[in-house]
There are 2 protein chains.
Amino acid sequence: MLFARTFRVMTDRFHERLAERDLEPLRPAHGFVFRYLAAQPSATAVDLAAHLGVSKQAATKTVAELVDWGYVHRTPHPTDRRAHALTLTGKGQAYLRFADALWAELEDEFAAAVGAERLTVVREALETYLADSEGGIRPVW
Amino acid sequence: MLFARTFRVMTDRFHERLAERDLEPLRPAHGFVFRYLAAQPSATAVDLAAHLGVSKQAATKTVAELVDWGYVHRTPHPTDRRAHALTLTGKGQAYLRFADALWAELEDEFAAAVGAERLTVVREALETYLADSEGGIRPVW
DNA sequence: TGCAACTAGACAACTGAGTTGACTAGTTTG
DNA sequence: CAAACTAGTCAACTCAGTTGTCTAGTTGCA
């Protein structure tokens, strides 16, 4: 429950600050899309769906939104004529940088509240735990 | 992002184990309802809605489900003839104990992965951060 | 005291982010 | 080569929320 509540507080703050920027109605799930596409250039919608743990249709819908908004573009897939390769546009990359800065800000506040040493321990602990738990990640928010 | 992913992994595990018990289709949000009602006997649906950060109608729906499933019951409100006081049934309390045990199990596994000392630090850090952030909590899951 | 303003819960219609099903055209494999 | 599989698209559907409305109950103030 502690994790849940902490996560909630941080996410709320993230989204409050995001809302101040008057961007498109980006959801937390979009964050995972951006990150995945940044890490996997030329991913397809089906790849993304598997990664996100949703149906291909849901992934395709999300991608369509991001394409409409100018964050992602679709190019012909190098080897499969049925598929599109999805890549972040410059706007998408700029958003990712902005989001990273925002999360860094929130972590700074966490450090201010609990101490930088503790934050370091927390980080290490979480990284260890996640290394031990590798698998697909699906956003819950 | 670390928080998000950690949270996700733990929640997934919680719900996998919950599914093994063949209970009603309880959602993560229900967890918050149980806890709130345990802490606030005689809460009303509107109280719950405010706490959860949802509309009164959404809260009422959720309560109706839990009433149907036997976890919550409604009694006349002591002072307001329009309202119902919501309380956990024995079944509701038993579920809460079970859920707590399950979270404790997950925390044990966390400790096994990262060390009990680190878990303690993590706990303290999160509690400090939350104490600094008090406000309504709404489940994101 | 009476009345305007407010409010709890219920009912209803709606939204949107997912789901499943179906289909066509493209791909893989034996 | 053909059967089996699959990417993306379209469509219908689900469900956990939303907003709007309404009636009866409550509060506060003149």
Undergrad: What is the distance from CG of Leu26(B) to C1' of dA16(D), rounded to the nearest Å?
TA: 15 Å
Undergrad: May I have the distance from Phe32(A) (atom CZ) to dA17(C) (atom P), rounded to whole angstrom?
TA: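 The distance from CZ of Phe32(A) to P of dA17(C) comes to 17 Å, rounded to the nearest Å.
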Undergrad: Should the pair Tyr71(A) and Phe34(A) be assigned to parallel (<30°), tilted (30 to 60°) or perpendicular (>60°) ring geometry?
TA: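 Tyr71(A) vs Phe34(A) ring planes: perpendicular.
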Undergrad: Using whole Å, report how far NZ of Lys61(B) lies from C1' of dT15(C).
TA: 11 Å
Undergrad: Which residue is it: His73(A), His77(A), Arg74(A)? I am looking for the one with a side-chain contact (heavy atoms from CB on, under 4.5 Å) to His84(A).
TA: Arg74(A)
Undergrad: Do Tyr129(B) and Met10(A) touch side chain to side chain, with heavy atoms closer than 4.5 Å?
TA: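 Yes - at least one pair of side-chain heavy atoms lies under 4.5 Å apart.
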Undergrad: Can you list, by chain and residue number, the hydrophobic cluster partners of Val121(B) when the side-chain cut-off is 4.5 Å?
TA: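 Result for Val121(B) is Val121(A).
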Undergrad: Grab the NE2-P distance between His77(A) and dT27(C) for me, whole Å please.
TA: 11 Å
Undergrad: Tell me, for nucleotides 4-11 of chain C in 5' to 3' order, what letter each nucleotide earns: B for a base near a protein heavy atom under 4.0 Å, S for only sugar-phosphate near one, - for neither?
TA: ---BBBBB
Undergrad: Rounded to whole angstroms, how far apart are NE2 on His30(A) and P on dG16(C)?
TA: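 After rounding, the reported distance stands at 13 Å.
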Undergrad: Where do Ala45(A) and Thr60(A) come nearest, in terms of heavy atoms and distance?
TA: CB-OG1, 3.7 Å
Undergrad: Nearest to the Glu65(B) side chain among dA17(C), dG17(D), dA16(D), which nucleotide is it?
TA: dA16(D)
Undergrad: With side chains defined as the heavy atoms from C-beta onward, is the minimum distance between Leu37(A) and Thr87(A) less than 4.5 Å?
TA: no
Undergrad: Counting only side-chain N and O atoms of Arg81(B), is one of them less than 4.0 Å from OP1 or OP2 of dT26(D)?
TA: yes
